[in-house]
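Report on the structure given below.
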Amino acid sequence: MYTRTVRLILTLVMIMAGALAGTVATAGTAHADGCYTWSRTLAQGSSGADVTQLQIRLGGYPGYGSVLAADGDFGPATEAALKRFQSAYGLTADGVAGPNTFNKLYALQDDDCTPVHFSYSELNDCNSTWSGGAVSAATARSNALRSMWKLEAMRHALGDQPITVTSGFRSYACNSAVGGASNSRHLYGDAVDLGAGPHSLCTLAKQARNHGFRGILGPGYPGHDDHTHLDHRADQYWSAPTCGI
């Protein structure tokens, strides 16, 4: 009888502990992450490296024709991008980055900080070092990471269907081998070429206008009838005449 009573008490304690843990979890405590862990709530007026990390992941939510700066200053543009991100994933769109927002970001990224549906190898089939281009290997790799987060936003907006990357970073040697332009953005690691798949090239070109790409070249632009090209050039230039862009 004593043994059964002790077991019953222990069972009740475990149930209560589990319920309490569930309560704490739903209260919104963000967990640590293998890539990057935010340690404070961020809102308009915040600044620092943790804001920059947030902005990189929000780069695909700047609004039509806009680009979100990754400058470490949480201003109105970052707040608006955050609200778009939160709405896209069914979170409360309050423009404040807290545990729920961070947990969603953690779920969307791998331990190397790439979004779950894209990888460094997809953005570079030229070499394994990211060297030999127009910028340092570190800069080219960083530029590619920002492209991937924009592509992740595009992918989600298009129903979470795959997006096929056919070309990313190129060294001067790789660029020459494929007949790329001498000033190609691929040399900077901030350009991606997309092939048709679940979505047409025109669908990709049109959707990209919402996700922070300054350069969009697609069907109807010379040499681009078989792919849609996206990049981060200094000034906006969109041309895909067949798609009405």
Side-chain angles (χ1 to χ4, degrees), residues 25 28-42 48-62 67-68 70 72 78 81-82 84-91 97-131 133 135-170 186 188-195 197-199 204 207-208 210-213 230-232:
T29 301
H31 61 75
D33 185 75
C35 160
Y36 184 85
T37 300
W38 284 270
S39 59
R40 60 170 179 156
T41 296
L42 301 176
D50 50 359
V51 174
T52 301
Q53 290 295 325
L54 176 64
Q55 290 168 327
I56 290 171
R57 290 152 182 79
L58 296 178
Y61 293 90
V67 176
L68 180 65
T78 300
L82 177 55
R84 293 186 190 97
F85 171 84
Q86 291 169 327
S87 293
Y89 284 98
L91 304 176
N100 291 334
T101 295
F102 295 141
N103 282 333
K104 173 51 66 176
L105 290 172
Y106 296 151
L108 286 173
Q109 67 185 16
D110 289 325
D111 285 352
D112 64 356
C113 298
T114 59
V116 292
H117 297 108
F118 297 92
S119 66
Y120 282 116
S121 61
E122 281 184 280
L123 273 286
N124 180 3
D125 60 4
C126 171
N127 60 44
S128 61
T129 61
W130 296 83
S131 62
V135 293
S136 70
T139 297
R141 187 178 169 92
S142 175
N143 287 342
L145 180 64
R146 298 189 186 198
S147 293
M148 282 187 267
W149 280 103
K150 295 182 180 186
L151 291 175
E152 185 70 26
M154 265 186 68
R155 188 185 191 279
H156 186 60
L158 290 171
D160 285 314
Q161 293 180 301
I163 290 177
T164 302
V165 176
T166 60
S167 184
F169 167 76
R170 300 174 193 158
H186 290 279
Y188 296 81
D190 67 8
V192 291
D193 290 345
L194 307 179
H199 311 293
L204 295 170
Q207 188 63 42
N210 301 300
H211 300 292
F213 291 101
L230 309 175
D231 66 48
H232 306 155

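Given the structure is predicted, the values throughout are model-derived calculations rather than measurements.
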(message) Per the side chain to side chain donor-acceptor pair (under 3.5 Å) rule, what does the pair list look like for residues 157-166, sequence neighbours excluded?
(response)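 Matches after skipping sequence neighbours: His156-Asp160.
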Working to the nearest 0.5 Å, report the span between [atom1] of [X] and [atom2] of [Y].
X      : Y      : atom1 : atom2 : answer
Leu58  : Gln55  : CG    : CD    : 7.5 Å
Leu54  : Tyr36  : CG    : OH    : 9.5 Å
Asn100 : Leu105 : CG    : CG    : 11.0 Å
Leu151 : Gln207 : CG    : CD    : 11.5 Å
Cys126 : His186 : SG    : NE2   : 11.5 Å

Backbone N or O of [Y] within a donor-acceptor pair of the [X] side chain at under 3.5 Å?
X      : Y      : answer
Asp190 : Asp231 : no
Asn103 : Ala107 : no
Arg84  : Pro62  : yes
Asp33  : Cys35  : yes
Asn124 : Asn127 : yes
Lys150 : Gly59  : no
Thr52  : Gly72  : yes

Answer yes or no: is there a side-chain heavy-atom contact under 4.5 Å between [X] and [Y]?
X      : Y      : value
Leu108 : Trp149 : yes
Glu152 : Val116 : yes
Tyr188 : His232 : no
Leu204 : Met154 : yes
Leu68  : Tyr61  : no
Asp125 : Phe169 : no
Val67  : Phe213 : no

(request) Run the numbers on Tyr106 and Trp38 for ring-ring contact (aromatic ring centres under 6.0 Å, His included), then give the verdict. (result) CA-CA 10 Å; Tyr106 296 151; Trp38 284 270; 5.8 Å; yes
(message) If we count only N and O atoms by modelled type, under 3.5 Å, do the side chains of Gln86 and Thr101 hold a donor and an acceptor together?
(response)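 There is such a pair between these side chains.
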(message) Distance alone, cut at 3.5 Å: any donor-acceptor contact between the side chains of Thr139 and Ser136?
(response)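 Distance-only check passes for Thr139 and Ser136.
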If I compare all heavy atoms of [X] with all of [Y], which pair ends up nearest, and what's the gap?
X      : Y      : value
Leu158 : His199 : O-CE1, 3.2 Å
Leu145 : Cys113 : CD1-O, 3.3 Å
Gly189 : Ser147 : O-OG, 4.4 Å

(message) Using the side-chain contact (heavy atoms from CB on, under 4.5 Å) criterion, which residues pair with Ser87? Sequence neighbours excluded.
(response)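 In terms of side-chain contact (heavy atoms from CB on, under 4.5 Å), with neighbours along the sequence ignored, Ser87 is linked to Ala93.
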(request) Please step through side-chain contact (heavy atoms from CB on, under 4.5 Å) for the pair Gln109 and Thr114, ending with a clear verdict. (result) CA-CA 6 Å; Gln109 67 185 16; Thr114 59; over 6 Å; no
(request) Please list all pairs passing the salt bridge (Lys or Arg N to Asp or Glu O under 4.0 Å) test where one or both residues lie in residues 50-60, with sequence neighbours left out. (result)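 Pairs touching residues 50-60 that pass the test: Arg40-Asp50.
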(request) Using a strict cut-off of less than 4.0 Å between a Lys/Arg side-chain nitrogen and an Asp/Glu carboxylate oxygen, indicate whether Arg170 and Asp193 qualify as a salt bridge. (result)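 Salt bridge present between Arg170 and Asp193.
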